[in-house]
Amino acid sequence: MGGEDESPLFETKGEKGRIWYKLYAFSVFVGLCLIWVYRASHIPKLGEEGRWIWLGLFGAELWFGFYWVLNQSVRWNPVYRRTFKERLSKRYQAKLPNVDAFVCTADPMIEPPAMVISTVLSVMAYEYPPEKLSVYLSDDAGSELTFYALLEASRFAKSWIPFCKKFKVEPRSPDAYFNGECMCPKDGLQAVEWGKIKSLYTEMENRINDAVKFGKVSENIRKQHRGFLEWNRATTSRDHQAILHILIDGRDTNAIDDEGFTLPTLVYMAREKRPYRHHNFKAGAMNSLVRVSSEISSGAVMLNVDCDMYSSNSETVKDALCFLMDEEKGHEIAYVQLPQLFNNITKNDIYGSSPMWAWKDFHGLDGYGGPLYVGSGCFHRRESLCGKHFNETCKAALRANERNMEASASTLEERAKSLITCTYEDNTEWGKEMGLKYGCPVEDVITGLAIKCRGWKSIYFNPSRAGFLGVAPVTLAQTLVQHKRWSEGDFQIFLSKYCPFLYGKGKLKLGLQMGYSIYCLWAPCSFPTLYYVIIPPFTLLHGISLFPKASGIWFMPFSYVIAATTMFSLWEAFLFGCTMKRWWNEQRMYLFKRLASYPFAFVDTIFRHLGLNKSTFIITAKVADEEVSKRYKQEMMEFGSPSPMFTILATLAMLNLVCLIGGAKRLVLGEGIGLLGSMLLQFVLCASVVLINMPVYQAMFFRNDGGRMPTSITLTSVALAISLLFVFLSLLLSVWSAAGIRFVIDREECFSHSVPYEGDTVLVSFVVIKAERSWHYGDEGVDFVVKGPHGDQIHDARDKTSEKFEFIVQQKGLHRFCFTNRSPYHETIDFDIHVGHFTHFDQHAKDEHFAPLLEQISKLEEALYNIQFEQHWLEAQTDRQALVNEGMSRRAMHKALLESAALIGVSMLQIFLLRRLFERKLGMSRV
Ligand SMILES: O=c1ccn([C@@H]2O[C@H](COP(=O)(O)OP(=O)(O)O[C@H]3O[C@H](CO)[C@@H](O)[C@H](O)[C@H]3O)[C@@H](O)[C@H]2O)c(=O)[nH]1
Ligand SMILES: [Mn+2]
């Protein structure tokens, strides 16, 4: 047995109880296959009704199944890592490598300099030999405000770092430490120092915030450092020379903290920017940092954090080194990614920013050779990031390296500056084979993939104390935009030559190829989801069943797959200690991303592929105004600023609401429990969508704060929902004439229909389409008699070829509708009936606020039915007329269209007036 010296620096463990998971997964897979079999074996034949709708559903279910299979890759073989930092310290104390930490910022307005320097200070205070630690700040805004803040930080560090080390403070971001939940120390000495440091910090923060408020630094401050000379009147964030200043030079014997210890090196960098040169966003900044640091400190390990992601665990560097320096496996590892967690998540995580499953997936990816590189919170081996291919000679490469001690700081600055000019990268491999790749909105994911295809492995490490904490978006729009960027970038990778299945073939394990594809295929997931959220509700409204009956055997696989996957995800949430509400919020965001972010991402990627648009990088804001933050803390969804994404969400929410109400009405008023049996799944689906959309309805109709849905979006989405209903209605009627019956009559034919309420309006129509003799077209009609429940005659028409009328029901119960054909020929008759139940609505609705809304919806819906009836009638008429006169039908259609348009207009107006009414009511009650 080997001694302590040969024991590994980290340990890997699998998860127990995987066999149960595999059994569960297998059973779900069987369920999925049965669903496919059901769909495939029940496809309506060519020319039959509803074939396309059915095929569409089949397509969606194929996709969901396929995607579910992909997802198994990250659940099949998860691994968990543990490090042994004491062994590292014992064996490598003097031989630890230089570590360079990079912090990126890009806009002092949405990434406040005070926040940025707190992040910088948190990494400067790492528990690591300071002479081996260098921190670089890349400022893509080239802002003197950020430079000034960093200058302040370089001074504050002198007291902050010794304070942290002396009292083992965590977290080491002064902002998080003083404003977070840390307790003021009771112990005498620490309490005194705590007070001193806190006031130092507060003063510094105030000075920085004052400068930011003022928009520039004062003349007094300008005199404090020659660096300010870089900024003149012509300097803008898009147009300036390369700026680089070593604010603390760790080699300098005078660069010491208050306790006399060396300080880590601190560098400010703003790469050259010119309006006519593309700067490649964060990837460009990172590559500049890689070059600059190789000149100044040439750390063998590089850490990158976003400016909002402070280090919350001062031991993380050592953890990372345990992986990279492990004697046996360390040399194969290119990077160590830590999870991106957030410090501003509310109890129920309303925007699903920290979905536990997302990071769980990374354990699964780790089992197949390595997680994705996702930007912030990742430690890289310099050589692998710079393009080196893995081979066995890489062994023992990570060693302590000497810094250039001869060159003066200003020489280093000059040399470094020449590496960050606009032209430096021309005709080089930077952005292609070296450094981070350009041209992709998720530079990190594509770079990580390329690194792994060069033969390296990666590690996912989730320490019990969070390594990094950032700022999660605090509005719905920001979250959706961020996900649009990610899903767009990932999908772009899938379509490029870096597609995990092509590029990774033979280089990555199949499990990892599948794992990468989960992310790469986010964007296309939007279409099956959209289909599922639109079509089943529509057909629910029209009483068309798309899923097996609840009593039938085919119902089993559907219900099993839905129940099993839902229960499983609830179980997982429960294991993570999630609240029910948080799980529910997560489901909502899961749906919203698929409905709103991913479709845009998909379309934009396709356009980009066709060369129609360029990629952009919308930086996520890290600050919000007070009102917005307040609502975020109260977990109220923020819809305040208009966004086309909201229009989609609101339209679909309205659509599902109307369809659910329509379906429920059918259930209550007409077809009863039989309908529920044949439409159960559609009801469940539609009802879940409506439930999950509650915050949307609230924002549209019931809220009065700044975060409610903008009126313009409410109006547009209501109009859109109505138009969609009409479009589908006419489509459905043309392909799937569910309403009305067409039958051939010989002598006599009777129908009965039960009307449950007195006072309902019944619309009845029939048209004799054609007689069964082609050579002769006569005008012979049929007789039509309607009788009430007690045999009383309600309507009597003699010898009519068509008829349309309505009557009010006097007595509820079974009504009879009888046709008599007096001609010797068979006739084809189209018969349609519709019972309207609007007048009774107000008796049922109690809620004072809900009543008018539901009434309006009901009215709309009633109108819709009437139009449907009308259209059906027109169509039947048209069919008849087609035999007589083509021209007539066109006029009929025009009439129908005109009617529809008028109705949309009126409904819109009603909704608008209703809203106004609400506003006034709420306004009054507040006074
Ligand atoms: O031109 C730019 C644009 C952005 N950034 C910086 O990039 C970081 C990430 O930007 P942010 O808007 O916060 O994006 P997020 O979506 O929150 O970032 C995640 O997703 C990005 C890829 O889309 C990764 O690069 C990040 O590391 C990862 O945290 C921030 O520090 C920015 O300052 C730049 O330096 N230059
Ligand atoms: Mn961010």
Side-chain angles (χ1 to χ4, degrees), residues 101-113 115-120 123 136-143 146 237-238 268-271 273 277-290 302-310 335 337-345 351 353-354 358-359 372-380 420 435-449 467-475 478-493 519 522 593 597 601 614-624:
F102 304 152
V103 181
C104 295
T105 183
D107 187 332
M109 291 304 133
I110 56 179
E111 300 177 332
M115 175 196 79
V116 176
I117 60 151
S118 262
T119 303
V120 168
V123 288
Y136 295 79
L137 174 69
S138 152
D139 178 16
D140 259 349
S143 158
T146 308
S237 64
R238 297 222 185 118
Y268 173 90
M269 177 199 97
R271 59 199 164 116
K273 290 276 185 66
R277 300 284 303 210
H278 189 44
H279 61 81
N280 295 305
F281 313 114
K282 184 181 168 188
M286 281 292 287
N287 285 344
S288 302
L289 285 165
V290 170
M302 303 179 290
L303 159 70
N304 163 232
V305 288
D306 290 349
C307 57
D308 58 325
M309 278 236 157
Y310 62 86
Y335 59 85
Q337 175 75 55
L338 278 85
Q340 290 171 357
L341 305 171
F342 305 97
N343 69 344
N344 63 334
I345 300 289
Y351 299 123
S353 300
S354 236
W359 293 108
L372 281 64
Y373 161 38
V374 287
S376 196
C378 189
F379 291 86
H380 278 274
I420 50 171
L436 281 91
K437 285 190 189 299
Y438 292 158
C440 181
V442 285
E443 75 295 331
D444 38 15
V445 178
I446 193 167
T447 305
L449 179 65
F468 302 95
L469 289 176
V471 178
V474 297
T475 71
Q478 278 172 17
T479 311
L480 292 176
V481 166
Q482 189 181 45
H483 271 269
K484 188 212 153 217
R485 161 151 50 79
W486 290 345
S487 54
E488 184 180 345
D490 290 341
F491 187 45
Q492 202 174 306
I493 296 177
Y519 304 90
W522 268 345
K593 285 172 202 163
S597 302
K614 274 203 198 138
S615 75
T616 51
F617 192 113
I618 301 173
I619 300 170
T620 313
K622 277 103 190 159
V623 278

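This one's a predicted model, so the numbers in the text were calculated from it and none came from an experiment. FYI, the numbering just counts along the sequence from 1. Start at 1 and go down the list; that is how both ligands and their atoms are numbered.
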For [atom], grab the closest protein heavy atom and report residue, atom and distance to one decimal in Å.
atom                    : answer
atom 12 (O) of ligand 1 : T620 N, 2.7 Å
atom 22 (C) of ligand 1 : D444 OD2, 3.6 Å
atom 18 (O) of ligand 1 : D306 OD2, 3.6 Å

Have a look at E443, Q482, E111, R485 and point out the one with the heavy atom closest to atom 14 (O) of ligand 1.
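Minimum heavy-atom distance to atom 14 (O) of ligand 1 goes to R485.
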
For atom 5 (N) of ligand 1, state which one of A106, P473, G470 supplies the nearest heavy atom.
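Nearest option to atom 5 (N) of ligand 1, by heavy atoms: A106.
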
Between P441 and ligand 1, is there a nitrogen or oxygen pair with a distance under 3.5 Å?
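Between P441 and ligand 1, an N or O pair is found under 3.5 Å apart.
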
Which part of V374 is near ligand 1, with near meaning a heavy atom under 4.0 Å away: side chain, backbone, both or neither?
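The answer is the backbone.
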
Within a strict 4.5 Å, meaning less than it, do heavy atoms of the Y438 and H278 side chains meet?
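Not touching, per the 4.5 Å side-chain cut-off.
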
If you count the atoms of ligand 1 from 1 in the order shown, which ones are under 4.0 Å from a heavy atom of [X]?
X    : value
T105 : 33 (O), 35 (O)
H279 : 1 (O)
D140 : 1 (O), 2 (C), 34 (C), 35 (O), 36 (N)
C307 : 31 (O)

